[in-house]
Protein chains: 2
Amino acid sequence: MAVVREERADAARNRKAILEAADELFATSDSPGEVSMDDIARAAGVGKGTLFRRFGDRANLIRQVYAVRLAPLREQIQSGPPPLGPDTPPRTRVAAIIDAIAVVKLDNAHLMLALEEGGGPTSGIYGSADYVGVHGLLRDLVATELGVGRAGWVAHVLLATVRADLLRHVTEGEGMSHSALRSSLRDFVDDTLDH
Amino acid sequence: MAVVREERADAARNRKAILEAADELFATSDSPGEVSMDDIARAAGVGKGTLFRRFGDRANLIRQVYAVRLAPLREQIQSGPPPLGPDTPPRTRVAAIIDAIAVVKLDNAHLMLALEEGGGPTSGIYGSADYVGVHGLLRDLVATELGVGRAGWVAHVLLATVRADLLRHVTEGEGMSHSALRSSLRDFVDDTLDH
DNA sequence: TGCCAAGCGGACCAGCAGTCCGTATCATGC
DNA sequence: GCATGATACGGACTGCTGGTCCGCTTGGCA
């Protein structure tokens, strides 16, 4: 077993600076597509080489920023208290998870757009570990209500319902309030699980 | 009233060649993102300037190709016989429309991906006339079943359900057959309209 | 303090969408 | 059939992108 090399201090500092700069830029830019890697490097006070050395490519950088923002939610779902944590009746938990995802995406709209737009060339969001993970969990939860046959598909539909661009269109384009949206979403989840 | 200038013969010929070449390239390429405008110009036997003169930019070219492929469906919905045409009970019609959209997207998977990926920088699919149109129609149809309050949101959800990347993931990634997918979709639409 | 793996940065590259303009072609009036 | 001006053509060109490369610097260990 090889000893895992400790990350050098300057490397760690730069990683942090890059993640923060990227988060800031994605959060403030109107369209995430127009944030370039050079912009991020400059904002982080770092050379472009460093940026690519740390993160490999743009898609991965975006995923990492996203992972930071998503960590608390993942934590809550994996081992937090009800209604998100494991100690919750399936139906309630599904509703809570969908609601929580919606909230995170509404709060981090720009970043989530960046992820869903440029997250991967061929793969898209559906290939990401995050999607697969949450889909699997929802599938299992839904299966206890509707049976395994329909669960996989229903879980996809539930997640399609909280896609960042849809949420943005409904709130910014149609002017629906966040609370009205969340309530529609809740009704929809309820109805969907009623069969 | 100014007489509308007739399109010159060579211009018309080139437009057709470009649309056909683009359709072909998007249909055969694995990832639509890797089809460049130069590729299309070359395949159409036309200079790049011509291509941009006709279509303005990439997003618009994709929309035009898409419009050609979608024309028959739009026609059917606007004035065809049941179950797609206007002379159909709302519930049946909604199901038929969603199913027909799914079929078109499954049959033209690559092109639809191109549209949804690169259809517009900020706007995305939700800004497109096609989306707005079909959403409006579905909203009205759904309203007769569920009331106007929920109709707008439900129409969005129904359409989110037939997004090209989701359909692709479920069929190619998870290996679901087209018929199984369509049947899941039909069940889902039924259930959704049952409230 | 000396050493060297690890890390750094920015010049560099290939490829992209989109522009520009000198040249060629079409349609029309005669 | 021909002259003529509007229309369209094409490909060199621009500016910018994501990503690579490599000579130089730095951090951490002995």
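A note on names: the letters A, B, ... follow the listed sequences, proteins ahead of strands, and every chain is numbered from 1.
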Starting at [atom1] of [X] and ending at [atom2] of [N], how long is that distance when rounded to a whole Å?
X        : N       : atom1 : atom2 : answer
Asp10(A) : dC29(D) : CG    : P     : 13 Å
Met37(A) : dA14(C) : CE    : P     : 20 Å
Ile40(A) : dG10(C) : CD1   : P     : 17 Å
Ile18(B) : dA8(D)  : CD1   : P     : 12 Å
Arg53(B) : dT23(C) : CZ    : C1'   : 13 Å
Phe55(B) : dT19(C) : CZ    : P     : 15 Å
Asn60(A) : dG18(D) : CG    : P     : 15 Å
Leu51(A) : dG19(D) : CG    : P     : 10 Å

According to a strict under-4.0 Å criterion, is Thr50(B) in side-chain N/O contact with OP1 or OP2 of dA8(D)?
no

Is any side-chain nitrogen or oxygen of Asn14(A) closer than 4.0 Å to OP1 or OP2 of dC8(C)?
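Answer is yes, contact under 4.0 Å.
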
Let me know, please, whether Val35(A) or Asp38(B) comes out on the 5' side of the other along DNA chain D by nearest nucleotide.
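That would be Asp38(B).
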
Could you please name the option among [options] that lies closest to any side-chain atom of [X]?
X        : options                   : result
Ala11(B) : dG11(D), dA8(D), dG10(C)  : dA8(D)
Lys48(B) : dA5(C), dC26(C), dT19(C)  : dT19(C)
Arg58(A) : dC26(C), dT19(C), dG19(D) : dG19(D)
Val46(B) : dA27(C), dG10(D), dG18(C) : dG10(D)

Under 3.5 Å, is there a donor-acceptor pair between the side chain of Arg93(B) and the main chain of Leu84(B)?
yes

Under a 3.5 Å threshold, yes or no: a donor from one side chain and an acceptor from the other, between Ser36(B) and Asp39(B)?
yes

Please enumerate all residues that pass ring pair (Phe, Tyr, Trp, His ring centres under 6.0 Å) together with His169(B), with sequence neighbours excluded.
Tyr126(A), His156(A)

Carboxylate-amine/guanidinium proximity below 4.0 Å for Asp99(B) and Arg186(B)
no

Nearest-0.5 Å distance that lies between atom CD1 in Ile18(B) and atom CZ in Phe52(B)
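One gets 10.5 Å once the value is rounded to the nearest 0.5 Å.
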
Does the base of dA6(C) carry an N or O that pairs as donor and acceptor with the side chain of Arg8(A) under 3.5 Å?
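Side chain to base: pair present.
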
Between Ser36(B) and Ala9(B), the residue closer to the 5' end of DNA chain C by nearest nucleotide is Ser36(B)

Which residue, Phe52(B) or Arg13(B), contacts DNA chain C at a nucleotide closer to its 5' end, judged by nearest heavy atom?
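Residue closer to the 5' terminus by nearest nucleotide: Phe52(B).
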
Using a 4.0 Å heavy-atom cut-off across all strands, classify Arg54(A) as base, sugar-phosphate, or nothing.
sugar-phosphate

